[in-house]
Amino acid sequence: MQTLKKGNIFIVSAASGTGKTTLVSRLLAKHPDIRVSVSHTTRAPREGETDGIHYHFVDRESFEQLIRDDAFLEHADVFGNYYGTSFAGIESLRAQGFDVILEIDVQGAEQVRRALPEACSIFILPPSFEILAGRLKGRGTDSADVIQRRLNEAAKEIAQAAHFDYVVVNEDLDTAEADLSAIVRAGRLKQAAQRQFVEKLLENS
Ligand code: ADP
Ligand code: 5GP
């Protein structure tokens, strides 16, 4: 297993359609010092998605080779496709001085929590299942049977909320965004995240 330097990693998970992508893009617009890690996936690009920006789109064979090469911090099968976070992607963002958000599913979140216990994990909830269904339909990116599959999975994913450090309810977008910003601020002030500063201070004492 490869290792990563210490720094701020924020895991953001939610059942599909909750509003995770919407909230994270709002957060990024306010915090130029945070970037989202670009995952690898075997799913086909959706309209408007660009390789290398939204995902690294690869075939199953290449993905399985990357697994064998120990290239992933975490990877999971989500709705029949592979998704994974590469060490290289995170390291290149860290090297440029960015804090990193991992927008990943609950299986990936569990793997990252185990590998990097200092990572700050956030679960986003919809206000209700009715509203979640409405958001999935309103987004207009999935067929009726895919939406039904996502709703069936949602309850299982939401049951994992108990394992996360923070839980945000995305009812009003502005409130949820402010909650997320507050968590980022708190995460950066955790003792582990401030350790380098303390060490430097003591070196010069
Ligand atoms: P996810 O990334 O969690 O799958 P999206 O960010 O794509 O979800 O959001 C799903 C849909 O819900 C989008 O059409 C988005 O505009 C809408 N949405 C997100 N958050 C809210 C909110 N707080 N109130 C109303 N609609 C929202
Ligand atoms: P979508 O296909 O809608 O972009 O994403 C489907 C699900 O896969 C979402 O819950 C998303 O967060 C998750 N996902 C995206 N990238 C990764 C990843 O690198 N690892 C894991 N475990 N899940 C991911």
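For clarity, every value in this text was computed on a predicted model and none was experimentally measured. One is the number of the first residue; the rest follow in order along the sequence. Read the numbers this way: they start at 1 and go in the same order the structure lists the ligands and their atoms.
With D142, I124, T22 as candidates, the residue nearest to atom 15 (C) of ligand 1 on a non-hydrogen basis is T22. With distances taken over non-hydrogen atoms, the option nearest atom 13 (C) of ligand 1 out of E171, K20, R139 is R139.
Heavy atoms of I104 found under 4.0 angstrom from ligand 2 belong to the backbone as well as the side chain. Under 4.0 Å from ligand 2, the heavy atoms of K20 that appear belong solely to its side chain. At a 4.0 Å heavy-atom cut-off, ligand 2 touches Y55 through the side chain alone. Residue contacts with ligand 1, taken as heavy atom pairs separated by less than 4.0 Å, do not involve E103 at all. Neither the backbone nor the side chain of H75 has a heavy atom within less than 4.0 Å of ligand 2. Contacts between Q111 and ligand 2, counted as non-hydrogen atom pairs separated by less than 4.0 Å, are absent for every part of the residue.
Shortest contact from atom 10 (C) of ligand 1 to any protein heavy atom: G17 O, 3.5 Å.
Close approach to S39 involves these atoms of ligand 2, each under 4.0 Å from a residue heavy atom: 16 (N), 17 (C), 18 (C), 19 (O). In the vicinity of R46, heavy-atom distances shorter than 4.0 Å reach the ligand 2 atoms 1 (P), 2 (O), 3 (O), 4 (O). Close approach of ligand 2 to A76 (heavy-atom distance below 4.0 Å) involves ligand atoms 22 (N).
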Practice task
Please report the C-alpha distance between L28 and R35 in whole Å, then the side-chain angles of each, then the deciding distance to 0.1 Å, and finally whether the side chain to side chain contact (heavy atoms under 4.5 Å, CB included) criterion is met.
Solution key: CA-CA 7 Å; L28 294 184; R35 289 284 164 89; 5.7 Å; no
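Ring-plane geometry between F63 and F72 is classed as parallel, the angle between the planes falling under 30 degrees on a 0 to 90 degree scale with a further cut at 60.
Polar contact check, Y83 against ligand 2: a nitrogen or oxygen pair lies under 3.5 Å apart.
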Only pairs under 3.5 Å count here: list side-chain donor-acceptor contacts from residues 175-182, not counting sequence neighbours, and write none if there are none.
residue, atom, partner, partner atom, Å
T175, OG1, D172, OD2, 2.7
E177, OE1, R26, NH1, 2.8
E177, OE2, K30, NZ, 2.5
S181, OG, H31, NE2, 3.3

